[in-house]
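Written out below as structure tokens is the structure these notes cover.
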Amino acid sequence: MGRPGVRNYLLVLNISGLTTPSARRIAADLAGSRFVTMDHGVAISGRGEGPVDATLESLALHPNVGAVLVLCAHRGKAQALLRHLSADPRPKHAVTLDDTDRDALAFRVAGVRAGASLIAQITRQRRERLPWRDLMIALECGMSDPTSGLAANPLLGQVVDRLIADGGAAVFGETTEWLGCEGHLMDRAATPQIAQQIRDAVQRREHLARDHGMDLVGNNPNDANIASGLTTIEDKAIGSIAKSGTAPITAFLHYGERLQGPGLAAMDGPSYTPESLTGLVAAGAQIALFTSGAGNSFVSRLAPTIKITANAETLARLPEHFDFSCSAALGRGADIAASVDGLIDKIADIASGARTYGEILGEDDEVVARFGETL
Amino acid sequence: MTAHPEPARAIKLKPDDTVAVLIEGVRKGQAVTIIGADQTGAVVAAEGIPCYHKIALSDASAGQRPVRNGIPIGIARTAIRAGAWVHTHNLESAYARRAEGSDV
């Protein structure tokens, strides 16, 4: 069995753009369900549908998902996904337009009926007390400022060091934010192969930027990052990789790939928050820790996302945005040791059912990264 | 103009760092105290610098690589004096250079 969940959602997983309007209505009719949609996914050039399909499969197998309702125009595509999930014991059902002779209204009714039955099944389950080593944490930062790199991200690093030492798991990504620091990450790779994968991933994205004439300045770091005091991508990267702590990197994951077993994983993925966070959560993280300097309201739809800042001015401006603050650490010369236990307590609270502001206010989504143009 | 009564503070993370991050905004001529794990020292702000921006701790010539947390953060475009604001006007990424194809 995989990791235990900290939530128990019906995932309404829509995998064709043709059904998205109806699928949104179906999910809205199923109270407490979580809607994830992939509007693209057919005839993708370059790397093809593989990375998209693999990510959707990972989301369907996410620990916080108790049951899956697959919605699609095509019966064959939906059945193929169910076949890939067949080893997993969670209840699943597919409804397609093929099943309803292209009748979108009948499709809606069939989807709501199937989803209602699935929710009735999974809500019979009850919470159990579990050790914190069962957790896997996704590490994300967005709208960073210098306080992120000085205190908030190093705080995540210390929490993750403790979780990994206790037998838990964590994943970080945002490959362009390894630029200038890839040597330090490679030094922490548990095997030469992982070190090589880290180097290759950084070089591939650097070449992608160069070959397409993209200037990283203004893009990453973005204008808000620069206005707040960050300068270059390597300046930002030093702060960004602090999220990963000091543990050995024992796995390298492709975008959306699930992490099997404990340890710290590096995922090759984009840096834009919605795409990055979805990839990290798809790896199996039940909870995300998300730091911000200027404020970034986006949260994962499947993994409760704890928003953390070290910027006292931002905290005062956005009180229903942040779940945890470590701004006092700056006055102590960025000594964040005093905040580690507090953040672990907050993680335990959220894992036990307390809601994050992102959950309360509904600033959640999942956005699967793009991999190529549609033919 | 009156002098600022309190020195501002800037965080230096590693002994070899040549820049520190201010945790208060400073005016020209204001004293800055260096804080951080086992870090001490002081520098005088050569110009006004916003909160959370960087201040140079030592002189650097054009082409040198300022260091923060023990890692180079780019290449100095111009000479940078101790106490100067270190930002995008006088610091560029080693990677942006490569992206533009001007690196050897």
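First the proteins, then the strands, lettered A, B, ... as listed; each starts at 1. The analysis underlying the following values was restricted to heavy atoms, covering all of them including side chains, and did not include hydrogens, waters or symmetry mates.
- Pairing each heavy atom of A:I238 with each of B:P72, the nearest pair is CD1-O, 4.4 Å.
- More than 12 non-hydrogen atoms from other residues, nucleotides or ligands lie less than 6.0 angstrom from CZ of A:R317.
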#### Entry: Intermediate values then yes/no, side-chain contact (heavy atoms from CB on, under 4.5 Å), A:V202 and B:Y95
CA-CA 11 Å; A:V202 171; B:Y95 292 89; 5.7 Å; no
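- For the atom pair NZ of A:K236 and CD1 of B:I73, the computed distance is 14.5 Å after rounding to the nearest 0.5 Å.
- Neither the backbone nor the side chain of A:A329 comes within contact range of chain B, judged by heavy atoms closer than 4.5 Å.
- Taking a 6.0 Å sphere around CZ of A:F371, one finds it holds more than 12 heavy atoms contributed by other residues, nucleotides or ligands.
- By the neighbour-count criterion of 12 heavy atoms within 6.0 Å, atom CZ of A:R370 is sparsely surrounded, having that number or fewer from other residues, nucleotides or ligands.
- Judged by distance alone, the side chains of A:E234 and B:S93 do bring a donor and an acceptor atom under 3.5 Å apart.
- To the nearest 0.5 angstrom, A:L150 atom CG is 5.5 Å from B:L13 atom CG.
- Taking CD1 from B:I23 and CG from A:N311, the interatomic distance works out to 11.5 Å, rounded to the nearest 0.5 Å.
- At a 4.5 Å heavy-atom cutoff, the contact between A:H184 and chain B is made by side-chain atoms alone.
- Few gaps surround CZ on A:R332; more than 12 heavy atoms of other groups in view lie less than 6.0 Å from it.
- Other residues, nucleotides and ligands contribute at most 12 non-hydrogen atoms within 6.0 Å of the NE2 atom of A:H212.
- Heavy-atom distances place the backbone of B:V86, and not its side chain, under 4.5 Å from chain A.
- What you find for B:V21 and A:P146 is that their closest heavy atoms are CG1-CB, 4.0 Å.
- Between B:K54 and A:L230 the shortest heavy-atom distance is NZ-CA, 4.0 Å.
- If you measure heavy-atom distances from B:R9 to chain A, the contacts under 4.5 Å come from the side chain alone.
- Side chains of B:H87 and A:I226 form a contact here, defined as non-hydrogen atoms less than 4.5 Å apart.
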### Query
Can you list the steps and then say if A:D235 with B:L91 is a side-chain contact (heavy atoms from CB on, under 4.5 Å)?
CA-CA 11 Å; A:D235 181 22; B:L91 180 74; 5.8 Å; no
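- When all heavy atoms of B:Y52 and A:A312 are compared, the pair lying nearest together is OH-N, 4.4 Å.
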